Enquirer: 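Dropping a structure here in structure tokens format, bear with me for questions.
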Amino acid sequence: MHPLRRKRLMLIIYIMLIIAIVVGLILYALRQNINLFYTPTQIINNEAPKGVNIRVGGLVEVGSFKRESDSLKSEFSVTDTEESIVISYEGILPDLFREGQGIVAKGQLTPENRFIADEVLAKHDENYMPPEVKEALEAKGYWQHDQQSQSTY
Amino acid sequence: MSVYQAIKHWWHKLGSPVHFYHFAGRHLKWTSLLALLCYFTGLTWGLAFAPADYQQGNSFRIIYLHVPAAALSMGVYVSMAICCAIGLIWKMKLTFMVARSLAVIGAVFTALALFTGSVWGKPTWGTWWVWDARLTSELILLFLYLGFISLSEALPDRDTANKASGILAIVGVVNIPIIHYSVVWWQSLHQGSTIFKFAKPSIATEMLWPLLIMMLAFSLLAVSYVFLNTRTQILKQRIKRL
Amino acid sequence: MYFESISELITMAGHGKYVWSCVTISTFVLALVFINASKHFNKQLKLNTKLNNLP
């Protein structure tokens, strides 16, 4: 290769490498800030600040959902399969909210590790299929609630 | 002519704006017609004939615009960066023209990905926007495109403009793996990959086919736009030289 | 067709406004981009032809 062109190619490769390393280091240092939410394990381990707006994410524990009969108040447990915390919420829940489903709640943590949410968002996985296929998988026992191949819980 | 010489010959021809002008002129008709055909076929199939999703219902149909736009927003950026690298190393003006065309269509795709994603998020997640890693990095991609376009237009000297915008394009490539792996590396609201992964696509076949057709449609749209816009740039440049 | 009628295709069980706003705006924007590019090309071609400067 032409020596001048090789020099330019090398310069570009060096620049890209340096940028990759610098950006990588910055992202690593800021990783907790880049995470959208805390997990229940992090909450239990006191890694999350109390009394400020934070987000918690996890799966709604099956059987934990309670709703008051004549108000929009509800309560449910959220788990990352290791730890779980209780979330109280007053408001309309998203359509995709159901037990066994992932959610992300925004709100504040009380000193007793209860979470008072003012917003609950539903997560969904990356699987797309018609209802008949889902039912067939359920019948065969291949179905797991909200299976994520790249699980970050 | 040996294979090596044939490739070298083709490579040098590629740098000639005159050759590209006629090459693009010959192929623009069929790429744009095929793009149009794929676009309307894919959309009709996906919107009216594919089954609804067990979980998201009919809102999932936005996938037929959102995923192609998002995927191409990244693919076009990488192509743009490669063009700039080649232009900087071989000092080819044509590759910068192609890069400028790619920047425009890439920015459009990125904006569409953000818009359709936002509209899709409202009935499914329950929000129009959230500052998670995936959404934020895709927004940054839009800024990179706009920055590239601004640099290439604002700087008066063509060579300086090419160099500055080219370096921005190359440096910004680091954002592409960040966008792709954002859903793996960090906790986010956006879910993981359905098709772009080293595993079987996690989408039913009858839903996948129209999606592949739309991917082809968007790819051909990008190619067609490059053919059309670069030809305009080539014509403009010939007048400037006088 | 998956839907029973055209009106069901439009409403999509409540999700119609989301899906169709995406479809119409995306198609409109893409059409605009290409029509614009085409207009620019034709204008430039006329100019070059007038100055007898074609590749």
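These numbers come from a predicted model, not from an experiment. A note on names: the letters A, B, ... follow the listed sequences, proteins ahead of strands, and every chain is numbered from 1.
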Enquirer: Against chain B, label Val29(C) side chain, backbone, both or neither, depending on which of its atoms sit under 4.5 Å from a heavy atom there.
Expert: side chain
Enquirer: Measure His66(B) against the heavy atoms of chain C and call it side chain, backbone, both or neither at under 4.5 Å.
Expert: neither
Enquirer: Would you compute the distance between atom CG of Asp53(B) and atom NE2 of His15(C) and round it to the nearest 0.5 angstrom?
Expert: 10.5 Å
Enquirer: Between Asn53(C) and Arg238(B) (side chain of the first, backbone of the second, donor and acceptor by atom type, cut-off under 3.5 Å), is there such a pair?
Expert: yes
Enquirer: Hey, could you give me the CZ/OG1 distance between Phe41(C) and Thr230(B), rounded to the nearest 0.5 Å?
Expert: 11.0 Å
Enquirer: Using a cut-off of under 4.5 Å for heavy-atom pairs, which of Asn229(B), Val108(B), Leu47(B) has the most such pairs with chain C?
Expert: Leu47(B)
Enquirer: Looking at Tyr2(C), I'd like to know if the NZ or CZ of Arg61(B) sits under 6.0 Å from its six-membered ring centre while staying within 45 degrees of the ring's axis.
Expert: yes
Enquirer: So, do Asn48(C) and Lys236(B) sit near enough that their side-chain heavy atoms are less than 4.5 Å apart?
Expert: no
Enquirer: Does a sphere of radius 6.0 Å around CH2 in Trp30(B) hold more than 12 heavy atoms from other residues, nucleotides or ligands, not counting ones at 6.0 Å or beyond?
Expert: no
Enquirer: Just how far is it from atom CZ of Arg231(B) to atom CD of Gln44(C), taken to the nearest 0.5 Å?
Expert: 12.0 Å
Enquirer: Let me see the working for Phe218(B) and Leu30(C) under side-chain contact (heavy atoms from CB on, under 4.5 Å), right down to the final yes or no.
Expert: CA-CA 10 Å; Phe218(B) 272 72; Leu30(C) 289 170; 4.2 Å; yes
Enquirer: Taking side chain as everything from C-beta outward and backbone as N, CA, C, O, which of these in Leu228(B) sits under 4.5 Å from a heavy atom of chain C? Side chain, backbone, both or neither.
Expert: both
Enquirer: If you count heavy-atom pairs under 4.5 Å between each of Phe109(B), Tyr39(B), Trp120(B) and chain C, which one has the most?
Expert: Tyr39(B)
Enquirer: Under a 4.5 Å heavy-atom cut-off, does chain B meet the side chain of Leu45(C), its backbone, both or neither?
Expert: both
Enquirer: What part of Phe60(B) is in contact with chain C, defined as an atom under 4.5 angstrom from a non-hydrogen atom: side chain, backbone, both or neither?
Expert: neither
Enquirer: Has Trp209(B) got more than 12 heavy atoms of other residues, nucleotides or ligands less than 6.0 Å from its CH2?
Expert: no
Enquirer: Could you look at Gln233(B) and say if it's the side chain, the backbone, both or neither that has a heavy atom under 4.5 Å from chain C?
Expert: neither
Enquirer: Most heavy-atom pairs under 4.5 angstrom with chain C, which of Leu221(B), Leu36(B), Leu43(B), Asn58(B)?
Expert: Asn58(B)
Enquirer: Does the side chain of Cys22(C) reach to within under 4.5 Å of the side chain of Tyr64(B), using non-hydrogen atoms?
Expert: no
Enquirer: Give the member of Leu47(C), Val33(C), Asn42(C), Thr27(C) that has the highest number of heavy-atom pairs under 4.5 Å with chain B.
Expert: Thr27(C)
Enquirer: Can you say whether Thr44(B) sits under 4.5 Å from chain C via the side chain, the backbone, both, or neither, judging by heavy atoms?
Expert: neither
Enquirer: Hey, does Tyr225(B) have a side-chain heavy atom less than 4.5 Å from the side chain of Phe34(C)?
Expert: yes
Enquirer: With a 4.5 Å cut-off on side-chain heavy atoms, are Tyr18(C) and Ser59(B) touching?
Expert: no
Enquirer: Picking from Gly57(B), Ala52(B), Pro123(B), which has the most non-hydrogen pairs under 4.5 angstrom with chain C?
Expert: Pro123(B)
Enquirer: Is the closest side-chain heavy-atom distance between Val119(B) and Ile25(C) below 4.5 Å?
Expert: no
